[in-house]
Amino acid sequence: MPERSAPVSHHTISVVDLSFAYPDGTRALDGVSFEVGHGEAIAVIGANGAGKSTLLMHLNGVLSPIQGSVDIGGTPVTKGTLPVIRRTVGMVFQDPDDQLFMPTVAEDVGFGPLNLGLPPEGVARRVDEALARVAAARLKDRPPYHLSGGEKRVVAIATVLAMEPAILVMDEPTSGLDPRARRRVMSLLGSFEHTRIIATHDLDLAAELCERTLVLAGGRLVADRPTGEVFDDDALLVASGLERPLGMQACPVCGAQKPAMSSRAPAPAHPRDRLRADVGAGLGEAVADAPEQ
Amino acid sequence: MSSVARGLSTLDRLDRLAGKDTAIHRVDPRAKVLATAVFIVCVVSFDRYEVFGLVPFALFPVVLAAEADVPFGFLARLLAVASPFALLVGVFNPLLDRDPLVVAGGVAIAGGWLSYASIILRFLLTVAAALVLTATTSFAGVCLALERFRVPDVLVTQFLLLYRYIFVLGDEALRMARARSLRAVGSRGMGLHVYAQMLGQLLLRTFARAQRVYVAMKCRGFDGRVRVARRLRLRAADVAFVVGWSALFVVFRFVDVTELVGGLIVGGGR
């Protein structure tokens, strides 16, 4: 496909010594450096105000650093490269109402592709594909403000998918969703082959979907390790204003300790786990039932 | 502030009406916008004492509303809500303009009363036509037509975003009002002072929201122009719609249809 000639071929991110301060003087990021490889899923966690959203906004040039640099697949993020960067890095915002501004879902999903200069047929195809990908084809002609929270969220994801980015950056993709909608969004995210950066307070999501986790505290990167290791390090979690994911905490009923994540053996036959497995299977079916494709 | 809630639900209802599928709904948005524009120009261009010449124009909104399944009660309610403005605009006419102009049934009617009635009638006609247009075309459809008529992009984008975010803004205002009233415990809280601060808050939140929306648009390649992929096709029926209605409006405008019909009836009675 000629239009798919993505200008950036390596879906990698390299952040070097990134610092940023807001105009009021608040230092939001302080010397952050990390690398993300092709196809990796990375969680960014940290307390409120730790700098997660600020970091994400640097990845596609919404904010520009006062020091340090961001590099997407070998292309530095500068004013001149912004059009290229924004085609490569798709960003899903925290509040879908900020992201869905067109009169109908189809027009909203088509907004990006139209701006890329695709012909109408190409736009229509991308809209259908993106909506099918998030199992929201039936919402096509609805106005976004009449959708439920979960529907808005998946449509917001579709608006970004329609631009066929190589890297997906998401801010709190599961906040404010009911359990089933959260599950749906999570299985959706798990099914993507894009390089993914997910900032979240949903630590179970991080544990489930991301191999690696960055921990921010007060604008500094305090850990960049495999997710399992991060969540087994209670001292680090407490110091960063976090705690273990619920799925890794001791059972609230019988007090049984969960095994450390990094050494997870086959799950013990605790009643809660069985229940969870059943519910999970049921939800899996529900997701499969959805009119995907 | 439940009037905010009522206003929102009204917009919502207009939106849902616009989602129906009738012959009128299927008419190309451009045809409907154009016909409505001709209608408004004709209604507005009458002499200021004209009353009876305006009456035939009611045909347009009434026929369209009936054909498009727009409930008359709903339209009447909206007109009533908007009417105080028209009622106030002309309220001094009868006092200032007392020269008798017409004698009907032995009673002299002052020019002021005629011009007041004319203002109210024009208001009812034009607002009804605009409401029927929105209820059969949807706000987005009207914007699309405007875009195709080469109305500047900045304006069309403003209209689109205004309409999109009025729901979000309304919801935000509602939540703030609810939070206030829950802690005001039935009293007036701290009075007007608090309302002033709430308005300021709302403005600041609007700025912040606008900033976020703009960033989201930029991220998807926004360059100052909202492109809409929807294709419009002008069919023969659409052209007939515009030509037919416009011709009728011009006839209503320059031929005194009321008198003609009246004459026919009287003549027939003889």
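Just so it is clear: chains get the letters A, B, ... in the order the sequence lines come, proteins before strands, and each one is counted from 1.
Distance check: B/Leu144 CG to A/Glu107 CD gives 7.5 Å after rounding to the nearest 0.5 Å. A/Leu114 contributes atom CG, which lies 13.0 Å from atom CZ of B/Phe222 (distance to the nearest 0.5 angstrom). Note: A/Asp95 CG to B/Arg209 CZ = 5.0 Å, rounded to the nearest 0.5 Å.
Between B/Asp12 and A/His146 the shortest side-chain heavy-atom distance falls below 4.5 Å. Side-chain contact between A/Asp97 and B/Arg164 is present, with at least one heavy-atom pair separated by less than 4.5 Å. Side-chain atoms of B/Lys218 and A/Arg86, non-hydrogen and from C-beta on, do get closer than 4.5 Å to each other. At a threshold of 4.5 Å between non-hydrogen side-chain atoms, the residues A/Asn115 and B/Met217 do not count as touching.
When the shell of 6.0 Å around CZ of B/Phe85 is examined, it contains 12 or fewer heavy atoms from other residues, nucleotides or ligands. Heavy atoms from other residues, nucleotides or ligands lying under 6.0 Å from CZ of B/Phe149 number more than 12.
A salt bridge is absent between B/Asp15 and A/Arg142: the closest approach of a Lys/Arg side-chain nitrogen to an acidic carboxylate oxygen does not fall below 4.0 angstrom.
Options A/Asp108, A/Leu116, A/Val127 differ in how many heavy-atom pairs under 4.5 Å they form with chain B, and the most are formed by A/Asp108.
With a 4.5 Å cut-off on non-hydrogen atoms, A/Leu82 does not touch chain B at all. Heavy atoms closer than 4.5 Å to chain B are found in both the backbone and the side chain of A/Phe101. In this structure, the portions of B/Val215 lying under 4.5 Å from any heavy atom of chain A include both its backbone and its side chain.
Ring geometry, A/Tyr145 versus B/Phe167: the interplanar angle falls under 30°, so the pair is classed parallel (tilted spans 30 to 60°).
In this structure, B/Ala216 and A/Phe93 approach most closely via the heavy-atom pair CA-CE1, 3.6 Å.
B/Arg220 places no side-chain N or O within 3.5 Å of a backbone atom of A/Met163 that could act as its donor or acceptor partner.
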